Number of protein chains: 2
Amino acid sequence: MSTIHDVARLAGVSIGTVSRVLSGNPATSPESRERVREAALQLGYTPNARAQSLRLARTGVIGLSISDVRNPFFADAAHGAEQEALAAGRVTMLANADEDSAIEARYLRAFRAQRVDGVLMSPQGGSAEGARSLVEAGIPVVLLNRTLDGVDAPVVTFDVRQGIEQAITHLRDRGHRRIGLIAGPVSVSTGRARVSAFEAIRDELGLDPAPELVQLADGRRGGGADAAERLLALSPAPTAVLSSNALMSSGAFEAIRGSGAAVELVSFDDQDWMRLVDPPLSVIEQDAAHMGAVAMRLLLELIDGGHPRSVTLPTRLIARG
Amino acid sequence: MSTIHDVARLAGVSIGTVSRVLSGNPATSPESRERVREAALQLGYTPNARAQSLRLARTGVIGLSISDVRNPFFADAAHGAEQEALAAGRVTMLANADEDSAIEARYLRAFRAQRVDGVLMSPQGGSAEGARSLVEAGIPVVLLNRTLDGVDAPVVTFDVRQGIEQAITHLRDRGHRRIGLIAGPVSVSTGRARVSAFEAIRDELGLDPAPELVQLADGRRGGGADAAERLLALSPAPTAVLSSNALMSSGAFEAIRGSGAAVELVSFDDQDWMRLVDPPLSVIEQDAAHMGAVAMRLLLELIDGGHPRSVTLPTRLIARG
DNA sequence: TCCCCGCTCGGAAACGTTTCCACGTGCGCG
DNA sequence: CGCGCACGTGGAAACGTTTCCGAGCGGGGA
């Protein structure tokens, strides 16, 4: 692969001139410009970004660490963030932590070693260590969808209380008084926040406060199915269930349908299939792509030396069932 | 952020010694090892990977260009590939081309500028130019799920003919004689191959050869719905439809259900929701994660100077409906 | 006792850029 | 006619590594 020296030699100028021409520095003669461009084209020259970033301070790369690409919510978020970065002339490096702190740590180390310009991450449960060490190393960090205690970084989240409230009042209005919750793992902030918001609103509305109506799960499909079965085994069983993410909803839906029980399911995150099943699921929609885009804007602001504030996004109830 | 010089100064040794200790070179005294490790820990030193890769030939980063992260098939493939890379001690940089050649080209340029060790890509329609220029620049490339004319790179694909055959014989055995196809875009090789396999097998089995039973779509949800409506508008309408990917199947399913017609739908790619809808969909399962892993192994082999052959993977019929 | 060898280590070059500095050259103006 | 200035350019330093080369030093064998 050819270097700037090859181009300089072919064009008959110094490497300084090549660099100036290619970076659009006006201190170049039309003739040099012509010769250099010609030579670069002929050699198929692509500047070595790693050498550039060694000299320059910045790399133009933004690290994006996502809990699980296969979860459509995060895939959408990543996509939104990526589009925003692209529009700002930056390239994104997506890491898939797979809900595993060890893998996350590994990618964060890689980001750090690569000296990315900033990191956008939806942290894993386990520990806040990874994120904290990035912040302490002076790397701009924005947190996605989940907060992390003791880490000084802006966060973009959805309004958990609002979402839960929309779901519960909807179910209450439809006559339900005994509502179950399939909660995400308490190791992530969203999981914990949902549980407390659920308990608070349930009490405000005077609904059945039985603690066994709150079932913890791991956020995956199988966990959702298991939690749903535990709820169905209660006597009396809840007449409605709220599930905290799309993956768990799919497991819960199958379990409920398999049991033949008449239990109404409401899910966080809207997915195409939720409209297709019978009965269709009412959902608390969270615009993940928008969240990703907003977070990326915050990160870019942070990189440029700003001090952006955290953002809370609204949720929306889509009633179907 | 501290450099190797800072570590050397604090440990009271030369930078050469620091480098040797940290890279595990045995030509170091126990005392140096101790002092260097201590200093590095104290400073929170992380070697600058960009400087390393400038000196070394390799970067340890593999570029992964995917058609669309939000398509679960590709998300799974990316995940499989990533796991494999991780196991081989490499880090993956995921680019989401979004089924857009311009974005793909941009990412491929970035990969090239970053001097990644290799690129695994599922090419967009448009043109083969991006992939070809990588190959010509001497960068190891493996193609995922789609071939590209005139590009000298190994490919990992599913056995298109086998999949189509499984689907059609299944439908034939259930008594269907007039079967529609919702095909992916003909701009990608898989789209074209499916159409010709469909036509060939349909004729071999003596089924209705009407050309309007093959409807082209863009591979997205909306396109699938439109194509399904065109098929339903035929008279007589087909009694069964084969849809080429999960996104289009979801659109087609909704269109068919909305029309009230009794049309059996079979889809490529298995997704959770296909089991949940009523009636459940029979599918031609393609193990995307496995495809990703296989392709990554091929790429690693190519990077190490091998000459791997292209691989064709089997498909599997899961009969449900 | 002397030489040689092996072990550690420091110094320096090299990787491919960008940018500062200094040096012509040509022109306009006093 | 000569001086200064703008403009274009080449050379060199610097970014943070790795690795080669050579040197110092100690010990063991002849």
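All chains are named by letter (A, B, ...) in the order of the sequence lines, taking the proteins before the strands, and each is independently numbered beginning at 1. Keep in mind it's a predicted model, so treat the numbers as computed, not measured.
Counting non-hydrogen atoms under 4.0 angstrom, B:T3 reaches the backbone sugars and phosphates but no base. Using a 4.0 Å heavy-atom distance criterion, A:T28 is classed as a sugar-phosphate-only contact. Contact annotation for B:S53: no contact, since no heavy-atom pair falls under 4.0 Å across all strands.
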- Message: A:R132 vs A:D152, test: side chain to side chain contact (heavy atoms under 4.5 Å, CB included). Steps then yes/no.
- Response: CA-CA 8 Å; A:R132 180 151 43 219; A:D152 181 26; over 6 Å; no

- Task: Quick one: do A:R37 and A:E31 satisfy salt bridge (charged side-chain N to carboxylate O under 4.0 Å, His left out)? Show the steps, please.
- Result: CA-CA 10 Å; A:R37 277 196 230 289; A:E31 194 198 332; over 6 Å; no

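With distances taken from any side-chain atom of B:A51 to the nucleotides D:dT19, C:dC9, D:dG16, the minimum falls on D:dG16. Checking D:dT17, D:dG10, C:dC9 against every side-chain atom of B:S32, the shortest atom distance belongs to C:dC9. Of the candidate nucleotides D:dG8, C:dT19, C:dG10, C:dG10 has the atom lying nearest to any side-chain atom of B:S14. For B:S29, whose side chain is taken as the heavy atoms from C-beta onward, the closest listed nucleotide among C:dT17, D:dG16, C:dT8 is C:dT8.
Counting to the nearest Å, the P atom of D:dA12 and the CD1 atom of A:I4 are 16 Å from each other. Following rounding to the nearest Å, B:R58 (CZ) and C:dG16 (C1') show an atom-to-atom distance of 20 Å. Between the CD1 atom of B:I15 and the C1' atom of C:dC9 there is a distance of 13 Å, rounded to whole Å. In this structure, CZ of B:R115 is placed 9 Å from P of C:dG16, rounded to the nearest angstrom. Going from atom CD of A:Q52 over to atom C1' of D:dC15 covers 13 Å, rounded to whole Å. In this entry the distance linking CZ of B:R33 with P of C:dT8 reads 7 Å, nearest Å. Atom NE2 of B:H5 and atom P of D:dT17 are 8 Å apart (whole Å). To the nearest angstrom, C1' of D:dA14 lies 14 Å from CG of B:N48.
Residue B:T17 places at least one side-chain N or O under 4.0 Å from the OP1 or OP2 atom of C:dG10. Distances shown here put every side-chain N or O of A:S19 at or beyond 4.0 Å from the OP1 or OP2 atom of C:dT19.
A distance of 10.5 Å separates OG1 in B:T59 from CZ in B:R115, rounded to the nearest 0.5 Å.
Nearest-nucleotide positions on DNA chain C place B:G12 closer to the 5' end than the other of B:L56 and B:G12. For the pair B:N25 and B:R50, nearest-nucleotide mapping onto DNA chain D gives the more 5' position to B:R50.
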For nucleotides 20-25 of chain D, list the nitrogen or oxygen atoms of the protein found under 3.5 Å from its nitrogen or oxygen atoms, one pair per line.
from   : atom 1 : to    : atom 2 : distance (Å)
D:dC20 : N4     : B:R20 : NH1    : 3.2

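Looking at every heavy atom in both residues, B:I103 comes nearest to A:Q83 through CD1-OE1, 4.2 Å. Considering every non-hydrogen atom in both A:F111 and A:G63, the closest pair reads CZ-CA, 3.5 Å. Looking at every heavy atom in both residues, A:L299 comes nearest to A:G118 through CD2-C, 4.1 Å.
The only option from B:E104, B:R70, B:Q124 that meets the side-chain contact (heavy atoms from CB on, under 4.5 Å) definition with B:D98 turns out to be B:R70.
Shown here is A:R220, whose CZ atom has no more than 12 heavy atoms of other residues, nucleotides or ligands within 6.0 Å.
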